[in-house]
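Below is one structure, written out as structure tokens; comments come after it.
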Amino acid sequence: MTYRFLLSFALSLFIFSCSPSPEKQAQELIEKSIEAHELSKKWENVTIIKFKKSTRILDENGKVENESEQWVEFRLKPYFEAKLTWEKDSVLHVANFNGSKMSYQMGGNAIQNEGFLKAKKSEIDAAYFAFAQPWILLDENANLIYEGQKTFDDGRNVESVRVDYGKDSAISWFYLDTVSSQVLANEIHANDHKSLIENVSYNELTGFLLVKEQKSYRINDTGKKMFLQTEFLYSDYEVTFE
């Protein structure tokens with residue numbers, strides 16, 4: 001009896017020691033997802049990506065509160081730069097990050113308020129985070145942990161990877177298709193709300209699987225959808241390679 005117990009215990013220890021850690025499992029899943037999104041091109045060869053982003057914000061009853069269009073440009077090499085351009089009431093707005101400093105032009109006039117510029121930098125970061133999936137998860141500051149499989153309300157099974165960027169940052173979960181490894185959705189827990197952003201469709205024309213349509217839902221503490229809060233449409237992609 002004692003021998004069998006010791007043998008079983010030793011076997012359990014061996015299996016456990018050979019099992020990859022949740023961090024390693026998460027890293028492997030993200031690498032697999034990146035392979036799935038790189039159809040014929042490599043993200044590491046991209047220098048500039050441009051596209052149009054259309055946004056519709058809805059209230060709890062489904063009424064459209066606001067619609068807008070932005071032209072977005074991300075320069076990835078030799079360092080990260082970004083620019084958002086849009087018109088509102090016939091006035092041109094340009095938010096620009098040059099790699100170290102934010103600037104903002106409204107109708108040709110520079111806005112110098114530091115709090116305002118910080119908010120616009122956060123807007124740029126959020127735009128990149130929403131778009132650059134799954135490559136954004138290669139960020140060395142991202143702590144990745146595999147949390148097993150999860151079943152969506154519609155019956156789809158997904159692999160769940162928790163992403164933590166440290167103190168004062170929102171915690172996110174990325175949900176990957178168990179078969180294709182594509183990013184199906186990500187969940188964000190901010191200080192004042194929780195959201196589920198689903199990737200409804202993708203664009204394949206650039207040699208990558210890039211998001212085409214997203215829907216963002218406000219969710220409750222249990223993860224149940226409460227209402228559709230935002231719709232995003234990405235179009236007119238232009239990709240420059242080194």
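Not measured: the values here are computed from a predicted model.
- The ring pair (Phe, Tyr, Trp, His ring centres under 6.0 Å) contacts involving residues 209-229 comprise nothing, where partners must be two or more places apart or lie in separate chains.
- The six-membered or imidazole ring of Phe129 lies near that of Phe174, with a centre-to-centre distance under 6.0 Å.
- For the 3.5 Å distance criterion, the side chains of Gln27 and Glu23 fail to qualify, holding no donor opposite an acceptor.
- A 6.0 Å sphere centred on CG of Asn66 holds more than 12 heavy atoms belonging to other residues, nucleotides or ligands.
- Ring-centre distance between Phe208 and Trp135: below the 6.0 Å cut-off.
- Between the side chains of Lys50 and Tyr237, no donor N or O sits under 3.5 Å from an acceptor N or O.
- Shown here is Lys77, whose NZ atom has more than 12 heavy atoms of other residues, nucleotides or ligands within 6.0 Å.
- Within the 3.5 Å criterion, the main-chain N or O of Val179 finds a donor-acceptor partner in the side chain of Asp177.
- Note that CG of Asn220 is 14.0 Å distant from NE2 of His193, once rounded to the nearest 0.5 Å.
- Closest approach of Leu117 to Gln112, counting heavy atoms only: CD1-O, 4.0 Å.
- Residue Tyr234 is tested with Lys52, Gln214, Lys212 for a side chain to side chain donor-acceptor pair (under 3.5 Å); the sole match is Gln214.
- What you find for Val163 and Leu137 is that their closest heavy atoms are CG2-CD2, 3.7 Å.
- Using a cutoff of 4.0 Å between basic side-chain nitrogens and carboxylate oxygens, Lys120 and Glu123 are scored as salt-bridged.
- In terms of heavy-atom proximity, Ser33 sits nearest to Leu176 at OG-CD2, 3.9 Å.
- Around atom CD of Glu242, more than 12 heavy atoms belonging to other residues, nucleotides or ligands sit under 6.0 Å away.
- Summarising the geometry of Phe80 relative to Ile124, their closest heavy-atom pair is CE2-CG2, 4.4 Å, with the distance given to 0.1 Å.
- Side-chain contact between Trp173 and Val158: absent, with no pair of heavy atoms (C-beta onward) separated by less than 4.5 Å.
- With a 4.5 Å cut-off on side-chain heavy atoms, Glu198 and Lys225 count as touching.
- The residue from Phe97, Phe74, Phe51 that alone fulfils the ring pair (Phe, Tyr, Trp, His ring centres under 6.0 Å) condition with Tyr128 is Phe74.
- A pairwise comparison of heavy atoms in Lys41 and Glu38 identifies O-CB, 3.2 Å as the closest pair.
- At a threshold of 4.5 Å between non-hydrogen side-chain atoms, the residues Leu58 and Glu65 do not count as touching.
- With hydrogens and angles ignored, the 3.5 Å screen pairs no side-chain donor or acceptor of Asn199 with any backbone N or O of Ser201.
- Ring geometry, Tyr104 versus His93: the interplanar angle exceeds 60°, so the pair is classed perpendicular (tilted spans 30 to 60°).
- In this structure, Thr206 and Asn203 approach most closely via the heavy-atom pair N-OD1, 4.2 Å.
- Looking at Thr178 and Gln149, their side chains never bring a donor and an acceptor atom within 3.5 Å of each other.
- Around atom CG of Asn191, no more than 12 heavy atoms belonging to other residues, nucleotides or ligands sit under 6.0 Å away.
- Looking only at distances, no side-chain donor or acceptor of Asp89 sits under 3.5 Å from a matching main-chain atom of Val91.
- In this structure, His37 has its ring center at least 6.0 angstrom away from the ring center of Trp43.
- Transitive grouping of hydrophobic side chains (ILVMFWY, heavy atoms separated by less than 4.5 Å) keeps Phe232 and Ile219 in distinct clusters.
- Side-chain polar atoms of Gln182 and Gln133 form no donor-acceptor pair below 3.5 angstrom.
- In the displayed structure, Lys194 atom NZ is contacted under 6.0 Å by more than 12 heavy atoms of other residues, nucleotides or ligands.
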